[in-house]
Asks: 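Input: one structure, supplied below.
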Amino acid sequence: MDTAVVWVLFGSFLGLLLIGAPITVSLGVSAMAAFMYLDENPIKLVQIAFRSVGSFPLMALPSFILAGALMEAAGVSRRLVNVAESFAGPITGGLGAATVLACIFFGAISGSGPATTAAVGMLMIPAMVNRGYDRGYASAITASSGGLGVIVPPSIPMVIFGISGMGMQAPAEAVARFGEFQSLSIPKLFIAGFLPALLIATGVLIANYFRSRKRGYTGISDNWSVGEMIKTIKSGIWSILAPLIILGGIYSGFFTPTESAVVAIFYTLFVGIFLHKELKLKDFFHSLETTTWITGRVLLILFTATVFGRLLVENQIPAIVAEALLDFTSNMYLIWALIIAFLVFVGMFMETLATIMILTPVLLPIMYSLGVDPVHFGVVMVATLAIGFQTPPLGENLFVASGIGGSTIEDISVKAMPFSILAIIAIFIIAYVPQLSLFLPGLLGY
């Protein structure tokens, strides 16, 4: 391997980042510099980039983004919040618990952390403040719960991981040592993410309970009202059916994730126009504008990240890193700890989707070499990077919650720290117990 090309690739990439260049520009320029150093035709960069967006599963990305935007405009998220509130009842810190539950429901629809934080936060942060919750705490639990939106299926980061990893075959040495690896697919990733998301959500709920008891945050009501629960369920039945239809169709194999996203769009249009009668023409066009902006940003990163990743693989950088890791230690628990610590650190400074596209070509071959199932690794990677949504300096959920609640980023960050610590503990459990991720896919025949 020509070590000089590694210096050209990473040197130019890091240099551009340090001077404030956008991640897309940094990736593209560094890849082009490497091509020029290797004296290869630059048209190859364009060809690789073009092929990177030619996959059928990638169509799920704009479809899920549009479905999430439409559901917010159609009143689906508000009704899901009402259902969550009615079930929280007299539980200590009930509004905080309702926020977590609402984020799980809405995350299962939107698949986006910032979208979940915005949709739920607009309703729950003012409600918590009105019931005596500290403004910073209300924003912190919303930002922390919003990160569940990228683990709960259907998850946009899991779609990106699946697209990035499906074209990568396990090294022959790994197959000879560990046998054939299971195939990687987006439906399998979706199913595998359910139990880990439940574990992390449980950790957040436990932290909310004890912190609320210490702060004196009482429940929403003195006791559970069956009548109120039935009333909110009746009012929100069409909203509750949305994730059931989407996820049920994927899990049963009735339609693919891409097809389910299109089903979600038409279902939301029908509910918003004919049943809820809240989806207006201007809201529809605003949803299209949001989808275009987010999708365009992701695709630009995908163009350049795919080329960057190809250069890494062709120059055997993942194999070198794997060999260095094995020379350092053969203890899988320690290797997992190093990788999780690395991903948490990177997630603090880089946008999640870009990080997945850049690091998957580096880390997935390493995990193959260590005998780790690709689906298990994908769940751990997405779950770990989800913590980046609630950690400064680039935690998108923090900025969204700050804008809604009016607290400073610093105040929210400090109050979100216990939630982050419990989430990291949960991720270690997920990494060390592969069956948490692989049990459901195996049960459903994947």
Side-chain angles (χ1 to χ4, degrees), residues 77-108 113 116-117 119-149 151-152 195-233 235-236 240 386-387 389-390 397-398 401-402 404-407 411-427 429:
S77 60
R78 189 182 71 256
R79 286 169 173 81
L80 289 175
V81 168
N82 292 338
V83 172
E85 284 184 351
S86 69
F87 276 82
I91 297 174
T92 299
L95 270 179
T99 300
V100 178
L101 295 174
C103 285
I104 293 172
F105 283 132
F106 191 74
T116 301
T117 303
V120 177
M122 288 291 289
L123 299 167
M124 297 305 295
I125 292 176
M128 282 189 277
V129 171
N130 289 337
R131 287 192 64 90
Y133 282 65
D134 176 78
R135 191 175 294 273
Y137 179 82
S139 301
I141 191 171
T142 307
S144 301
S145 305
L148 295 170
I151 309 170
V152 177
L195 288 180
L198 193 61
L199 177 64
I200 297 172
T202 302
V204 175
L205 286 169
I206 291 171
N208 172 68
Y209 174 80
F210 284 104
R211 296 179 75 187
S212 295
R213 191 170 72 174
K214 183 178 179 180
R215 292 168 175 263
Y217 300 150
T218 58
I220 299 172
S221 58
D222 294 332
N223 48 54
W224 277 286
S225 169
V226 176
E228 184 65 24
M229 292 166 69
I230 293 174
K231 179 182 176 182
T232 57
I233 290 173
S235 173
I240 296 170
I387 298 173
F389 280 102
Q390 63 198 62
N397 288 4
L398 297 178
S402 175
I404 296 170
S407 297
D411 184 36
I412 299 174
S413 300
V414 171
K415 288 168 181 171
M417 193 61 65
F419 299 120
S420 299
I421 292 170
L422 277 173
I424 292 172
I425 292 171
I427 287 167
I429 296 172

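Not measured: the values here are computed from a predicted model.
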Asks: Keeping the roles fixed (side chain from Ser402, backbone from Ser407), state whether a donor-acceptor pair exists under 3.5 Å.
Replies: yes
Asks: What class does the angle between the rings of Tyr137 and Phe419 fall in, given that below 30° is parallel, 30 to 60° is tilted and above 60° is perpendicular?
Replies: tilted
Asks: Looking at Asp134, is its backbone amide N or carbonyl O close enough to the side chain of Tyr217 to form a donor-acceptor pair, meaning the two atoms are under 3.5 Å apart?
Replies: yes
Asks: For Thr232 and Met229, indicate whether the former's side chain and the latter's backbone hold a donor-acceptor pair under 3.5 Å.
Replies: yes
Asks: Write down the atom of Leu398, the atom of Ala143, and the distance for their closest heavy-atom approach.
Replies: CD2-CB, 4.1 Å
Asks: Go through the steps for Ile230 and Val226 under the test side chain to side chain contact (heavy atoms under 4.5 Å, CB included), then give the verdict.
Replies: CA-CA 6 Å; Ile230 293 174; Val226 176; 3.7 Å; yes
Asks: Work out which heavy atom in Ala401 is nearest to a heavy atom in Ser139; give both atom names and the distance.
Replies: CB-O, 3.5 Å
Asks: Could you report the tightest heavy-atom contact between Asp411 and Gly136, atom names first, then the distance?
Replies: OD2-CA, 3.4 Å
Asks: Mind listing the closest non-hydrogen atom pair of Ile125 and Thr142 along with its distance?
Replies: CG1-OG1, 3.5 Å
Asks: Rounded to the nearest 0.5 Å, what's the gap from OG1 on Thr117 to CG on Leu148? Could you check?
Replies: 9.5 Å
Asks: Roughly how far, to the nearest 0.5 Å, is the CD1 atom of Ile429 from the CD1 atom of Ile424?
Replies: 12.5 Å
Asks: Which distance, rounded to the nearest 0.5 Å, do you find between the CD1 of Ile104 and the CG of Leu198?
Replies: 7.0 Å
Asks: Side chain to side chain contact (heavy atoms under 4.5 Å, CB included) between Arg211 and Ile141: does it pass, once the steps are laid out?
Replies: CA-CA 11 Å; Arg211 296 179 75 187; Ile141 191 171; over 6 Å; no
Asks: Looking only at heavy atoms, what is the nearest atom pair of Arg135 and Gly405, with distance?
Replies: CD-O, 2.7 Å
Asks: To the closest 0.5 Å, what do you measure between OG1 (Thr99) and CG (Leu205)?
Replies: 10.0 Å
Asks: Check for a donor-acceptor pair, side chain of Asn130 on one end and backbone N or O of Pro126 on the other, with a separation under 3.5 Å.
Replies: yes
Asks: Any idea which heavy atoms bring Ala98 and Met124 closest together, and the distance?
Replies: CB-CE, 4.0 Å
Asks: Test your reading of the model: is there a side-chain donor-acceptor pair from Ser235 to the backbone of Lys231, 3.5 Å cut-off?
Replies: no
Asks: Under the side chain to side chain contact (heavy atoms under 4.5 Å, CB included) rule, what do Ile427 and Ile387 come out as? Steps first, then yes or no, please.
Replies: CA-CA 10 Å; Ile427 287 167; Ile387 298 173; 3.3 Å; yes
Asks: Drop me the distance from Thr92's OG1 to Lys214's NZ, to the nearest 0.5 angstrom.
Replies: 15.0 Å
Asks: Would you compute the distance between atom CD1 of Ile412 and atom OG of Ser144 and round it to the nearest 0.5 angstrom?
Replies: 9.5 Å
